[in-house]
Structure formats: C-alpha cells, structure tokens
Student: 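Quick one: the structure is below, and I'll ask about it shortly.
Note that the structure is a prediction, hence the values are computed from the model and not measured. Order of the sequence lines fixes the chain letters, A, B, ..., with proteins taken first and strands second; residue numbering starts at 1 for each chain.
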Protein chains: 2
Amino acid sequence: MDAQLRRGLLDVCVLAAIKNEDSYGYKIIKDLKPVLELSESTLYTILKRLEEAKMLEVRSTEFDGRLRKYYHVTPSGVKRIGDFKEEWKELMGVYSFIMEEN
Amino acid sequence: MDAQLRRGLLDVCVLAAIKNEDSYGYKIIKDLKPVLELSESTLYTILKRLEEAKMLEVRSTEFDGRLRKYYHVTPSGVKRIGDFKEEWKELMGVYSFIMEEN
DNA sequence: GCGATATACATCGTATCACGAGGTATAACC
DNA sequence: GGTTATACCTCGTGATACGATGTATATCGC
C-alpha cells in the first residue's frame with residue numbers, strides 16, 4: 001500500500017487493536033499482522049505519540065521476568081476512533097470523485 | 001479531515017483532476033475545492049513531484065499575457081490511478097478491521 | 001485613473017512522521 | 001549451548017504538507 005495512505009490509518013488501527021482488550025506492543029504487532037504489517041520501531045513511535053496525546057494509558061507489569069507494558073484506550077482515544085468514522089465519509093467523497101473521473 | 005489521511009489522497013486526486021482534460025494549477029485548485037481544499041503551495045509541490053516522477057508532462061503557454069502551465073497525465077500517471085484502485089481494496093480491509101472492533 | 005480582487009506562477013523554512021538499523025535482556029526449545 | 005521467540009527502546013534520515021511570502025498581469029467597480 002502507498003506509504004501516505006498507510007499513515008492515515010496507523011494511529012486509529014492501533015487504537016482499534018487495543019480498544020476491546022488492553023494489549024502490549026509485541027502482541028499488537030502480531031494481532032495486526034493479517035491486516036496491516038508494521039515494524040516495532042513504527043509501533044513504539046505510535047504508542048508513544050498516542051500516550052503523549054492522552055489517548056492511551058500505560059500500566060507496566062512483569063510477566064515471566066520480562067517487562068510488559070499494557071496499554072489502555074482512554075475516552076479521548078475512543079473519541080479518536082469515532083472521529084475516524086466521520087473522516088471516512090469525507091474520504092468516500094474523494095474516492096467517488098476519483099472514480100467518477102475514470 | 002485528518003492530515004495524514006488527506007496525504008494519501010492528494011497525489012491521485014490531482015492526477016484524476018487532470019486526466020480527462022489537461023489543466024493548470026489555478027484551475028485544479030478551483031475544480032478540487034468542492035471535494036478537497038488545498039493551498040497553492042501544496043499543489044505546486046505536488047505538481048512538481050508528479051512531473052519529476054514522469055506522471056505529468058508540462059506545456060507552458062501564454063494566456064492573456066500571463067504564464068499558464070498546462071499539465072498532461074502520462075501513461076505512468078494513469079497507471080498510478082489504477083494502482084490506487086488496488087490500494088483502496090487493502091484500505092477497505094483495514095477499515096473493516098477497525099469497524100469490527102467497534 | 002485607481003484601488004481591489006482575481007488570475008497565475010514560485011520558493012523557503014518548519015514540523016511531523018514512518019521506518020530501518022541497531023541495541024538490551026530474558027525465556028523457551030531442540 | 002546456540003537459535004528463536006518474546007519484549008522493550010533510541011537515533012538518524014528522508015519524505016512530505018503547508019503557511020508565509022513574493023512577483024506580475026488582467027479585470028472590475030467606482
């Protein structure tokens with residue numbers, strides 16, 4: 001997929017992957033793999049950004065002697081997903097324009 | 001609309017606006033306005049990039065004493081629009097995932 | 001005639017962002 | 001005991017959109 005198009009989906013996609021059940025970096029990558037492949041460096045950048053934007057909250061735990069940071073979607077993060085649905089409508093409008101011309 | 005999401009559409013949208021009839025900067029902005037607003041600085045950056053990528057060809061003309069640069073979509077540009085249709089399918093897959101989780 | 005607006009182009013600097021490369025450390029498996 | 005899986009992190013780079021700013025002519029209203 002085009003790099004630019006990807007970028008528009010990444011944040012919301014990560015939020016969606018966490019929303020129903022708190023999750024952590026390594027798991028998110030595996031869960032998203034069938035839908036959208038993303039590297040660790042990309043994901044951790046996104047998680048950090050979403051945390052700074054207060055759309056995610058973190059809870060650090062220890063699991064089998066390894067650090068595991070569970071992320072939880074805040075109401076603000078839920079709102080972001082909702083906004084995406086509205087944006088999608090606009091996106092469909094642009095898509096229709098492109099198709100009309102072809 | 002989200003800035004990132006926009007970015008994925010800009011190039012193809014500009015190509016689509018020119019494809020059926022050669023056009024020039026100022027006109028493209030006006031034509032796209034109902035669908036997608038973009039500033040001059042943004043458009044000229046895009047036109048330049050698409051020209052360098054050989055998806056557009058330029059023909060400079062004089063009109064009423066003013067310079068006017070007509071852009072024409074090359075076969076390579078047409079292909080770009082076609083590729084977008086494929087990308088859209090992938091995009092729909094991601095969209096479905098986001099909706100499923102909500 | 002003159003100021004405002006429309007037409008039409010261009011460039012520079014900034015902020016944002018994805019991602020590859022590279023790093024650390026433990027657990028599990030063969 | 002070596003390889004793979006799990007799990008985190010950081011730095012540098014290249015790409016990009018966009019606001020601000022600049023130049024120049026034509027047209028329209030008064």
Student: For Arg66(A), enumerate each residue passing the side-chain contact (heavy atoms from CB on, under 4.5 Å) test, keeping only those at least two apart in sequence or located in another chain.
Tutor: none
Student: With rounding to the nearest 0.5 Å, note down the distance linking CE in Met1(B) to CD in Glu90(A).
Tutor: 4.5 Å
Student: My understanding is that only residues two or more places apart in sequence, or in another chain, count here; which of them pass side-chain contact (heavy atoms from CB on, under 4.5 Å) with Arg7(A)?
Tutor: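 Once residues adjacent in sequence are excluded, the partners of Arg7(A) under the side-chain contact (heavy atoms from CB on, under 4.5 Å) criterion are Gln4(A), Gln4(B).
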Student: Ile18(B) and His72(B): side-chain contact (heavy atoms from CB on, under 4.5 Å), yes or no, with the steps?
Tutor: CA-CA 7 Å; Ile18(B) 304 171; His72(B) 175 78; 5.8 Å; no
Student: I'd like the 5' and 3' limits of the part of DNA chain D contacted by chain A, with heavy-atom contacts below 4.0 Å.
Tutor: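 It runs dA5(D) to dT16(D).
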Student: Checking all strands, does Ser39(A) fall into the base, sugar-phosphate, or nothing category for heavy-atom contacts under 4.0 angstrom?
Tutor: sugar-phosphate
Student: If you assign each of Gly65(A) and Asp11(A) to its closest nucleotide in DNA chain C, which residue comes earlier from the 5' end?
Tutor: Asp11(A)
Student: For Glu51(B), which residues count as a side-chain contact (heavy atoms from CB on, under 4.5 Å) partner, sequence neighbours excluded?
Tutor: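 Partners of Glu51(B) under the side-chain contact (heavy atoms from CB on, under 4.5 Å) test: Val58(B), Tyr71(B).
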Student: When clusters are formed by joining ILVMFWY residues with side-chain heavy atoms under 4.5 Å apart, either directly or through shared neighbours, do Tyr24(A) and Val73(A) land in the same one?
Tutor: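 Not linked; separate clusters.
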Student: Taking for each residue the nucleotide of DNA chain D with the nearest heavy atom, is it Gln4(A) or Glu40(A) whose nucleotide lies nearer the 5' end?
Tutor: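 By nearest-heavy-atom nucleotide position, the 5'-most residue is Glu40(A).
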Student: How long is the gap from CE on Met99(B) to CH2 on Trp88(A), to the nearest 0.5 Å?
Tutor: 8.5 Å
Student: Tell me, which pairs form a ring-ring contact (aromatic ring centres under 6.0 Å, His included) where one or both residues lie in residues 39-61 of chain B, sequence neighbours left out?
Tutor: none
Student: Quick one: side-chain hydrogen bond (donor to acceptor under 3.5 Å, both in side chains) partners of Tyr70(A), sequence neighbours excluded?
Tutor: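 For Tyr70(A) the side-chain hydrogen bond (donor to acceptor under 3.5 Å, both in side chains) partners, ignoring immediate neighbours, are Arg68(A).
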Student: Heavy atoms under 4.0 Å, any strand shown: does Leu10(A) hit a base, just sugar-phosphate, or nothing?
Tutor: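 Sugar-phosphate, backbone atoms only, no base.
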Student: Classify the nucleic acid contact of Arg66(B) as base, sugar-phosphate or nothing, counting any heavy atom under 4.0 Å across all strands shown.
Tutor: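 Contact class for Arg66(B): base.
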Student: Which residues in residues 22-34 of chain B have at least one heavy atom lying under 4.0 Å from any atom of DNA chain C?
Tutor: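 The answer is Tyr24(B), Gly25(B), Tyr26(B), Lys30(B).
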Student: Suppose the criterion is salt bridge (charged side-chain N to carboxylate O under 4.0 Å, His left out): which pairs have a residue in residues 71-84 of chain B, not counting sequence neighbours?
Tutor: Asp2(A)-Arg80(B), Lys79(B)-Asp83(B), Arg80(B)-Glu87(B)
Student: Would you call Arg49(B) and Glu52(B) a salt bridge, using N to O less than 4.0 angstrom?
Tutor: no
Student: Sequence neighbours left out, cut at 3.5 Å: what donor-acceptor pairs do the side chains of residues 31-40 of chain B make with other protein atoms?
Tutor:
unit_1, atom_1, unit_2, atom_2, d
Asp31(B), OD2, Lys27(B), NZ, 3.0
Ser39(B), OG, Ser41(B), OG, 3.3
Ser39(B), OG, Thr42(B), N, 3.3
Ser39(B), OG, Thr42(B), OG1, 2.9

Student: Of the residues in residues 46-64 of chain B, which ones touch DNA chain D at a heavy-atom distance under 4.0 Å?
Tutor: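 The stretch gives Arg49(B), Asp64(B) as the residues lying under 4.0 Å from the strand, ordered by number.
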Student: Students should find this one: the first and last nucleotides of DNA chain C, 5' to 3', lying under 4.0 Å from a heavy atom of chain B. What are they?
Tutor: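 Range of nucleotides within reach of chain B: dA6(C) to dC17(C).
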Student: For Tyr26(B), which residues count as a ring-ring contact (aromatic ring centres under 6.0 Å, His included) partner, sequence neighbours excluded?
Tutor: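 For Tyr26(B) there are no ring-ring contact (aromatic ring centres under 6.0 Å, His included) partners, ignoring immediate neighbours.
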